[in-house]
Amino acid sequence: MKAIIFDLDGVIIHTDKYHYQAWKKLADRLGVYFDEEINNRLRGVSRMESLDIVLENSDYSSANSEMKNEMAEEKNNTYRELLEKMTPEDLEAEVLDTLTALKQQGILMSIGSSSKNARLILNKIGLGDFFDAISDGNNITNSKPDPEVFLKAADYLNVNACDCVVVEDADAGISAAHRAEMKAIAMGDAVKYGNGDWNIGAFREILDII
Ligand code: BG6
Ligand code: MG
């Protein structure tokens, strides 16, 4: 094992709660039912695919692409307003300490996120220059469970896929890791599906596995 690829939202930082709030605001305005359970299905899924899930049982499910683009933009604007308030203090000490310990061990580290806001978030929480590579929603055409985002991360790190371990809170992300022939550590929501090679309850447990 030479490298770790971390998902961002819900793994490094709890922006998943802001995704929920932003989708909920859009859904409420449209009169579309939305709850935490539906939100869990959006983990790891791209913005436009997430919108399709949010609208799937509503009158807007067959809205044209112009309308859908406007809705996605509305959600993203709300989301970015919430991100604006973030500072390095939002990064949990346990996460920073674990990342620092891994770096001291010489392990290569990359982000592997479906988000197009990944760099903004990393800058906000003081990790803008921390990772050896960033693979995100801007460099992929297929989002998780497709392995593309992790394969690109391995490529950017110049390591073989089989030398990488992925850390994920999305079941779609665990599938993506396995399709990339990488091992996967499940945390948060991903634990309940039982598909990870390891399950962790606390971020620092990564150090016990590595
Ligand atoms: C993933 C989140 O990291 O990024 C998804 O888990 C989200 O819920 C996806 O839809 C895309 O994010 P963004 O920031 O590009 O809208
Ligand atoms: Mg996630």
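For the single chain, residues carry numbers from 1 onward in sequence order. Note that this is a predicted model, so its numbers are computed, not measured. Just so you know, ligand 1 is whichever comes first in the structure, and atom 1 is the first atom listed for that ligand.
Looking at Glu84 and Lys124, a side-chain N of the basic residue comes within less than 4.0 Å of a carboxylate O on the acidic one, giving a salt bridge. The pair Glu74-Arg29 meets the salt-bridge criterion, since a charged nitrogen lies less than 4.0 angstrom from a carboxylate oxygen. Taking 4.0 Å as the cut-off between side-chain N and carboxylate O, Arg41 and Glu56 count as a salt-bridged pair. Using a 4.0 Å cut-off between charged nitrogen and carboxylate oxygen, Asp52 and Lys68 count as a salt-bridge pair.
For ligand 1 and Gly44, the ligand atoms under 4.0 Å from any heavy atom of the residue are 2 (C), 5 (C), 6 (O). Contact atoms of ligand 1 toward Asn117: 13 (P), 14 (O) (distance under 4.0 Å to a heavy atom of the residue). Heavy-atom proximity to Asp9, at under 4.0 Å, picks out these atoms of ligand 1: 1 (C), 2 (C), 3 (O), 4 (O). Set against the non-hydrogen atoms of Leu42, the atoms of ligand 1 under 4.0 Å away are 5 (C), 8 (O).
For the side chain to side chain donor-acceptor pair (under 3.5 Å) criterion with Asp9, the lone passing option out of Lys17, His19, Arg43, His14 is His19.
Contact between Ser50 and ligand 1 is present, with at least one heavy atom of the residue lying under 4.0 Å from the ligand. Ligand 1 is approached by Val45 to a heavy-atom distance shorter than 4.0 Å. For the ligand labelled ligand 1, residue Ser113 lies inside the 4.0 Å heavy-atom shell.
Not a single N or O atom of Asp7, backbone or side chain, sits closer than 3.5 Å to an N or O atom of ligand 1. For the pair Ser115 and ligand 1, the shortest N or O to N or O distance falls below 3.5 Å. The distance criterion of under 3.5 Å between nitrogen or oxygen atoms is met by Arg47 with respect to ligand 1. Of the polar atoms of Lys116, at least one N or O is found under 3.5 Å from an N or O of ligand 1, judged by distance alone.
By the criterion of a heavy-atom distance under 4.0 Å, neither the backbone nor the side chain of Asp16 is placed next to ligand 1. By the criterion of a heavy-atom distance under 4.0 Å, the side chain of His19, and not its backbone, is placed next to ligand 1.
Scored by the side-chain contact (heavy atoms from CB on, under 4.5 Å) test, Asn123 finds no partners at all (sequence neighbours excluded).
The distance from the OG atom of Ser110 to the CG atom of Asp136 is 9.5 Å, given to the nearest 0.5 Å.
The Mg ion (ligand 2) has Asp7 OD2, Asp9 O, Asp169 OD1 as protein N, O or S atoms under 2.8 Å away.
Following chains of ILVMFWY side-chain contacts shorter than 4.5 Å, one cannot reach Leu82 starting from Met71, and the two form parts of different hydrophobic clusters.
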